[in-house]
Amino acid sequence: MNKALVIGTGSVAKKHILNLNKLNYKVFVFSNSKNRIKFKNNKIKFNYISSLKYLNHYDFAILANATWERMKFLKIL
């Protein structure tokens, strides 16, 4: 199964998670904030991660966090 990393927990991240689930990706979400994504449908599957330590485990990453934070995460990626 393909794995995708989504950085951020806002409305854009939520849309990406929904679409990735439809494409049968295993989705992992990273966020600096304590915000949690809530879906009305409990069938949406994703996992929160607390570290970007194992970046080589993902097929790709989507930056869906605040615009001013993206350069920091691009450097990490």
Side-chain angles (χ1 to χ4, degrees):
M1 178 178 277
N2 292 332
K3 296 180 186 176
L5 172 64
V6 176
I7 298 174
T9 55
S11 62
V12 173
K14 189 174 179 177
K15 290 176 186 177
H16 285 299
I17 292 168
L18 284 167
N19 289 325
L20 289 166
N21 268 267
K22 289 177 187 175
L23 296 171
N24 294 318
Y25 276 87
K26 188 167 185 177
V27 181
F28 296 84
V29 177
F30 175 83
S31 178
N32 282 338
S33 72
K34 295 181 181 178
N35 292 339
R36 293 288 179 173
I37 298 174
K38 295 177 184 169
F39 292 97
K40 292 178 185 176
N41 180 347
N42 290 334
K43 294 180 181 179
I44 304 301
K45 295 183 180 177
F46 63 98
N47 301 290
Y48 281 103
I49 58 170
S50 58
S51 170
L52 295 176
K53 187 175 180 180
Y54 302 104
L55 289 174
N56 59 337
H57 288 108
Y58 307 103
D59 295 306
F60 62 91
I62 295 174
L63 294 175
N65 57 341
T67 306
W68 59 270
E69 276 190 314
R70 291 185 186 157
M71 187 55 73
K72 175 176 83 173
F73 285 100
L74 277 173
K75 289 178 183 178
I76 293 169
L77 294 171

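What you are looking at is a predicted structure, and each value in this text was computed from that prediction instead of being measured.
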> Excluding sequence neighbours, so at least two apart, what forms side-chain contact (heavy atoms from CB on, under 4.5 Å) with N47?
Replying inline: K26, F28
> What pairs with N19 under side-chain contact (heavy atoms from CB on, under 4.5 Å), at least two apart in sequence or on another chain?
Replying inline: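 With neighbours one apart ignored, the set is K22.
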Spatial distance of atom [atom1] ([X]) from atom [atom2] ([Y]) [nearest 0.5 Å]:
{"X": "N2", "Y": "Y58", "atom1": "CG", "atom2": "OH", "result": "14.0 Å"}
{"X": "L63", "Y": "L77", "atom1": "CG", "atom2": "CG", "result": "5.5 Å"}
{"X": "H57", "Y": "I49", "atom1": "NE2", "atom2": "CD1", "result": "11.0 Å"}

> What's the shortest heavy-atom distance between V12 and A64, and which atoms?
Replying inline: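 Closest heavy-atom pair between V12 and A64: CG1-CB, 4.2 Å.
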> Can you name the closest pair of heavy atoms from A13 and G8 and give their distance?
Replying inline: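 Closest approach of A13 to G8, heavy atoms only: CB-O, 3.3 Å.
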> Applying the 4.5 Å side-chain criterion to the ILVMFWY set and letting contacts propagate, would L74 and L55 be lumped into a single cluster?
Replying inline: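 Result: yes, single cluster for both.
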> Ignoring hydrogens and geometry, is there a side-chain-to-backbone donor-acceptor pair from N24 to M1 under 3.5 Å?
Replying inline: no
> Under the 4.5 Å side-chain heavy-atom rule for ILVMFWY, direct or indirect, which residues accompany I44?
Replying inline: V6, I17, L18, L20, L23, Y25, V27, V29, I37, F39, F46, Y48, F60, I62
